[in-house]
Amino acid sequence: MDSPQKVHVEFEGVSKSYDGRTVVVRDLDLAVYEGEFLTLLGPSGSGKTTCLMMLAGFQTPTSGTIRIGGRAVDDLPPRKRDIGVVFQNYALFPHMTVGENLSFPLEVRGMEPRQIRERVRGALELVRLEGLEGRRPGELSGGQQQRVAIARALVFEPALVLMDEPLGALDRRLREEMQYEVRRIQRRLGVTVVYVTHDQQEAMAMSDRVAVFQRGRIEQVAPPEALYEEPQREFVARFIGDNNLLRGKVVGVEGDFCRVEVGGQIVTAFRVVPCEVGDPVSVAIRPERVAVAPEPGLYGNEFDAGIDDITFLGDHLRLRMTVCDTPDFIAKIPNIVGHGAVLEGDRVRVGWTLTDGRVLEPDGPETGSK
């Protein structure tokens with residue numbers, strides 16, 4: 001996104017509690033920029049959907065302020081926020097045709113019949129459902145119904161669209177197709193989208209930025225590549241894709257790198273967070289960055305490993321190993337000629353570069369896993 005960015009939506013110190021005791025969202029500060037596709041990602045119960053419902057006006061913050069276009073909307077009812085909303089269950093009117101479903105929000109706004117027909121036709125063209133305006137939702141496939149739901153959210157041309165797990169009910173192939181379609185439509189229209197999902201791959205594929213939620217707080221907000229390559233917290237490293245975590249203690253700091261003692265061996269890794277000698281830390285290494293049986297001396301970190309299990313996953317094999325006295329260490333190797341040379345029970349040498357290991361602050365004992 002080009003700079004400078006204009007803020008479209010702003011959460012300032014927003015908290016939410018339904019019973020006065022349990023805080024679902026805690027002191028949330030978040031800016032969403034105009035034309036941005038921002039995804040709220042996190043496990044169930046992390047507060048992401050509650051944030052979306054407060055932005056839509058279906059829930060009221062316990063404290064703090066939400067602004068849209070610089071205007072506080074805490075006391076503004078949903079119908080006056082001019083927001084398009086798409087839910088997982090589509091929420092289409094079953095007794096209405098596709099055309100009538102799309103016309104309804106325009107009729108409520110008092111548009112003239114000619115303008116309504118033009119808007120409906122344009123919305124159907126946008127989601128590639130031309131010619132289906134006479135059908136009822138029950139006569140459509142799941143993917144077609146979702147397209148109608150998206151068209152209905154866009155037909156009155158809102159500047160802001162909220163989507164809550166909109167593709168969760170679709171099968172994998174159709175979900176991937178719809179990810180592309182939603183992104184294509186968003187880019188064509190230039191609308192701001194706030195999208196909720198618990199699917200990491202979906203968030204990575206669609207978003208300009210991703211806000212990772214845990215226990216009502218945002219752990220990190222960043223573009224997908226930055227979250228994957230430069231997680232700042234152990235939870236983010238675990239939640240975004242596969243990651244090996246070696247827990248140990250810092251025994252040396254040299255510039256941007258730390259030496260960490262793990263299981264009696266020394267691992268050197270890049271410092272993502274400040275650390276000093278004696279600090280407990282976690283070292284994160286992506287499984288695809290681990291080389292198995294590399295040429296000796298090729299990598300800055302090389303260790304002996306025992307292969308405990310091999311899982312065939314089509315295009316690659318997943319090796320579960322014990323490295324630095326740490327079990328469940330994963331490496332991925334491509335399914336190519338020669339992979340059969342590695343067998344369960346083998347002792348092998350593994351390696352990775354200094355920058356592929358990232359030193360993170362370890363999560364506390366209360367942190368849940370994905």
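Residue indices begin at 1 and follow the sequence shown.
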Exercise. Could you work out the complete set of other residues in the hydrophobic cluster of F104, with links drawn between I, L, V, M, F, W and Y side chains under 4.5 Å apart?
Key: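 Members besides F104, by chain and number: F93, M96, V108.
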Quiz item: Which residues satisfy the side-chain contact (heavy atoms from CB on, under 4.5 Å) test with V73, sequence neighbours excluded?
Solution: I66, I68, L76, R81
Hey, does the side chain of [X] reach the backbone of [Y] with a donor-acceptor pair shorter than 3.5 angstrom?
X: Q220; Y: Q232; answer: yes
X: D29; Y: G13; answer: yes
X: T39; Y: A203; answer: no
X: D164; Y: F87; answer: no

With a 4.5 Å heavy-atom cut-off, do [X] and [Y] have their side chains touching?
X: S282; Y: E361; result: no
X: V9; Y: L55; result: yes
X: L189; Y: L126; result: yes
X: L38; Y: S207; result: no

So does [X] pair up with [Y], basic N to acidic O under 4.0 Å?
X: D356; Y: R286; result: no
X: R136; Y: E100; result: no
X: R121; Y: E118; result: no
X: E261; Y: K249; result: no
X: E229; Y: R289; result: yes
X: D242; Y: R318; result: yes
X: D208; Y: R187; result: no
X: E234; Y: R247; result: yes
X: R347; Y: D304; result: no

If you count heavy atoms of other groups shown closer than 6.0 angstrom to [atom1] of [X], is the number above 12?
X: Y18; atom1: OH; answer: yes
X: E130; atom1: CD; answer: yes
X: E10; atom1: CD; answer: yes

Self-check item: Residues W352, F329; criterion ring pair (Phe, Tyr, Trp, His ring centres under 6.0 Å); working and verdict
Solution: CA-CA 13 Å; W352 60 87; F329 188 96; 5.6 Å; yes
Looking only at side chains, do [X] and [Y] share a donor and an acceptor under 3.5 Å apart?
X: R147; Y: Q144; value: no
X: T311; Y: D309; value: yes
X: D74; Y: T60; value: no

Self-check item: Residues that R67 engages under side-chain hydrogen bond (donor to acceptor under 3.5 Å, both in side chains), provided they are two or more places apart
Solution: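 side-chain hydrogen bond (donor to acceptor under 3.5 Å, both in side chains) list for R67, sorted by chain: E12.
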Quiz prompt | Derivation and outcome, side-chain contact (heavy atoms from CB on, under 4.5 Å), residues M178 and L170 | solution = CA-CA 9 Å; M178 287 302 300; L170 306 179; 3.7 Å; yes
Quiz item: According to the ring pair (Phe, Tyr, Trp, His ring centres under 6.0 Å) rule, which pairs have a member within residues 189-210, sequence neighbours left out?
Solution: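 Passing the test, one end in residues 189-210: F37-Y195.
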Self-check item: Residues which pass ring pair (Phe, Tyr, Trp, His ring centres under 6.0 Å) with Y299, listed by chain and number, not counting sequence neighbours
Solution: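 Testing Y299 for ring pair (Phe, Tyr, Trp, His ring centres under 6.0 Å), a comparison that skips the adjacent residues, returns none.
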Exercise. Tell me, please, which residues at least two apart from F11 pass ring pair (Phe, Tyr, Trp, His ring centres under 6.0 Å).
Key: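 Per chain and number, F11 pairs via ring pair (Phe, Tyr, Trp, His ring centres under 6.0 Å) with no residue.
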